[in-house]
Number of protein chains: 2
Amino acid sequence: MPNTTASASHRFTVDFPHRELLDQVLDKWSLLVLNELCERPLRFGELRQIIESVTPKSLTATLRRLERNGIIERVVLGTRPVAVQYRITPLGKTFRAPVEGILQWAAEQMPLIEQARERFDEDAEEAERQL
Amino acid sequence: MPNTTASASHRFTVDFPHRELLDQVLDKWSLLVLNELCERPLRFGELRQIIESVTPKSLTATLRRLERNGIIERVVLGTRPVAVQYRITPLGKTFRAPVEGILQWAAEQMPLIEQARERFDEDAEEAERQL
DNA sequence: CAGAATCCGTTACGATACTG
DNA sequence: CAGTATCGTAACGGATTCTG
């Protein structure tokens, strides 16, 4: 359990308070879900279709977490074959820019990253050969 | 928006090419490490002190991952009691703005998030009482 | 339709001890 | 100092089945 009552010795001890927030909001699926919900409200099933590889379990977990943190909102629509809509909240909207920043960065730098990986892997292989 | 009309079944669904990159770079410790290395180069031990709760094992893993993706660089300095320095690369610097965007957002919105959580938890509790 | 419940393998992570 | 090696546990995530 990461510290709570820390505030230990040296001055620059920055065990960030928002670490735990980021864990909740930058997890495996949140960015993708958020990215979609920023465009338009969506239903559970729609999200499943858009983000193919997510299982209902994980999707539920992600949505609940985002809801709990006030980033998205769960709205029950009809009452027949129950319909539920998820939509971004005002607070959630403030998160849009940062998220897009990250996603854009990833898209743009992808090629360079690939290159770096290849270099690294080659070097590692070679080093192994030395043994 | 990356889409998906293609494969139907449950195999290697690549619904997002940078998903995997983000997993490597937005993991539990990377943001903190990055945030520090953006300020100045640091050594292994220094990072351990700054980020109190990280174990050597996890720190090594984080550093290796970032290095492999070309975000940081590992520099062996002396040769006596070996000294190693980690520093951000040019590619890594392009990541700085987005990362800070996220961190800033987290810091700013923290209070509202807390509020949202309390509301959510209270509601959940109450709903439970109904049973 | 929207999810809850189960089972279960993989991985992540912490704690600790050890080495060049 | 800068890690590696090992071990054990807890959490995550996937697949599947069930239900109001």
Side-chain angles (χ1 to χ4, degrees), chain A residues 1-4 6 15 19-20 23-33 37 41-68 72-87 124 127-128 130-131, chain B residues 9-16 19-20 22-33 37 41-67 72-87 124 127-128 130-131:
Chain A
M1 215 128 297
N3 84 47
T4 36
D15 222 49
R19 242 301 307 286
E20 156 259 13
D23 283 346
Q24 303 238 339
V25 149
L26 291 182
D27 71 286
K28 197 174 183 191
W29 301 110
S30 292
L31 283 186
L32 299 187
V33 169
L37 292 185
L42 287 169
R43 297 173 49 185
F44 192 86
E46 295 175 319
L47 280 167
R48 282 193 68 180
Q49 288 176 347
I50 294 171
I51 306 172
E52 289 187 37
S53 47
V54 73
T55 60
K57 183 184 173 183
S58 300
L59 184 54
T60 301
T62 302
L63 291 170
R64 282 287 173 289
R65 226 176 304 124
L66 292 175
E67 191 194 352
R68 187 173 109 91
I72 66 172
E73 192 180 13
R74 181 178 183 272
V75 185
V76 180
L77 289 179
T79 35
R80 217 11 160 172
V82 195
V84 177
Q85 196 180 66
Y86 293 92
R87 58 171 68 147
E128 209 167 322
Q130 300 289 336
L131 310 181
Chain B
S9 59
H10 51 65
R11 64 169 150 186
F12 231 88
T13 45
V14 189
D15 44 20
F16 217 120
R19 243 301 308 287
E20 155 260 15
L22 295 175
D23 283 346
Q24 304 238 337
V25 149
L26 292 182
D27 71 286
K28 196 174 184 191
W29 303 109
S30 292
L31 282 186
L32 298 187
V33 168
L37 292 185
L42 287 169
R43 296 175 46 185
F44 192 86
E46 295 175 319
L47 280 167
R48 280 192 69 180
Q49 287 177 348
I50 294 171
I51 306 173
E52 291 186 34
S53 47
V54 74
T55 59
K57 183 183 171 182
S58 299
L59 184 54
T60 301
T62 302
L63 292 170
R64 284 285 174 288
R65 225 176 305 124
L66 291 175
E67 190 194 353
I72 67 173
E73 194 180 13
R74 180 179 185 270
V75 186
V76 180
L77 288 179
T79 33
R80 206 36 121 130
V82 197
V84 177
Q85 196 180 65
Y86 292 92
R87 57 172 68 147
E128 209 168 321
Q130 301 288 338
L131 309 183

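Chain letters run A, B, ... following the sequence lines, proteins first and then strands; every chain starts at 1.
Look at B/Arg48 and you won't find any side-chain N or O under 4.0 angstrom from OP1 or OP2 of D/dG3. In this model, the phosphate group of C/dC1 is not approached by any side-chain N or O of A/Tyr86 to a distance below 4.0 Å at OP1 or OP2. Regarding contacts with the backbone of C/dA2, a side-chain N or O of A/Arg43 is found under 4.0 angstrom from either OP1 or OP2. Contact annotation: A/Ser53 does not reach the phosphate of D/dG14 (side-chain N/O to OP1 or OP2, under 4.0 Å). Side-chain N/O atoms of B/Thr60 include none lying less than 4.0 angstrom from OP1 or OP2 on D/dA2. For A/Arg65 and D/dC12, the shortest distance from a side-chain N or O to OP1 or OP2 is not below 4.0 Å.
Between A/Leu59 atom CG and D/dG14 atom C1' there is a gap of 14 Å when expressed in whole angstrom units. Between the CG atom of B/Leu77 and the C1' atom of D/dG3 there is a distance of 15 Å, rounded to whole Å. Rounded to whole Å, atom P of D/dG14 lies 11 Å from atom CG of A/Asp27. Protein atom CD of A/Gln85 is 10 Å distant from nucleotide atom P of C/dA2, rounded to whole Å. Here D/dA2 presents its P atom at 15 Å from CD of B/Glu67, a figure rounded to the nearest Å. Rounded to whole Å, the distance from CG on B/Leu42 to P on D/dC1 is 15 Å. Atom CD of A/Glu46 is separated from atom C1' of C/dG3 by 16 Å (rounded to the nearest Å). Look at CG on A/Leu63: it is 13 Å from P on D/dG13, rounded to the nearest Å.
The distance from atom CG of A/Asp27 to atom CG of B/Asp27, rounded to the nearest 0.5 Å, is 12.5 Å. Here the straight-line distance linking atom OG1 of A/Thr60 with atom CZ of A/Arg65 works out to 11.0 Å at 0.5 Å rounding. Taken from CG in B/Leu42 to CZ in B/Arg48, the straight-line distance is 14.5 Å, to the nearest 0.5 Å. Distance CG/A/Leu47 to CG/A/Leu37: 5.5 Å, rounded to 0.5 Å.
Among the nucleotides C/dA2, C/dG14, D/dG3, the one closest to any side-chain atom of B/Phe44 is D/dG3. Distance from the side chain of A/Pro56 is smallest to D/dT16 among D/dT16, D/dT4, C/dG14. Picking from D/dA2, D/dA15, C/dA15 the nucleotide with the shortest atom distance to the side chain of A/Thr55 gives D/dA15. Considering only the side chain of B/Lys28, C/dC13 comes nearest among D/dA15, D/dA2, C/dC13. Candidate nucleotides C/dG14, D/dG20, D/dT4 were compared by shortest atom distance to the side chain of B/Arg64, and D/dT4 ranks first.
Pairing each heavy atom of B/Glu20 with each of B/Gln24, the nearest pair is O-CG, 3.1 Å. Nearest heavy-atom pair across B/Ser53 and B/Trp29 is OG-CH2, 3.5 Å. Considering every non-hydrogen atom in both B/Arg43 and B/Val84, the closest pair reads CG-O, 3.2 Å.
Counting heavy atoms from C-beta on, the side chains of B/Tyr86 and B/Ile72 come closer than 4.5 Å. For the pair A/Leu63 and A/Leu59, the minimum side-chain heavy-atom distance is below 4.5 Å.
Formation of a donor-acceptor pair under 3.5 Å by the B/Ser30 side chain with backbone atoms of B/Leu26 is not found in this model.
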Along nucleotides 6-11 of chain C, 5' to 3', which nucleotides get a B, which get an S, and which get a -, given that the test is a protein heavy-atom distance under 4.0 Å? BB----
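With the end axes of the helix from C/dC1-D/dG20 to C/dG20-D/dC1 each set by five pairs, the angle from one to the other reads 50° at 10° resolution.
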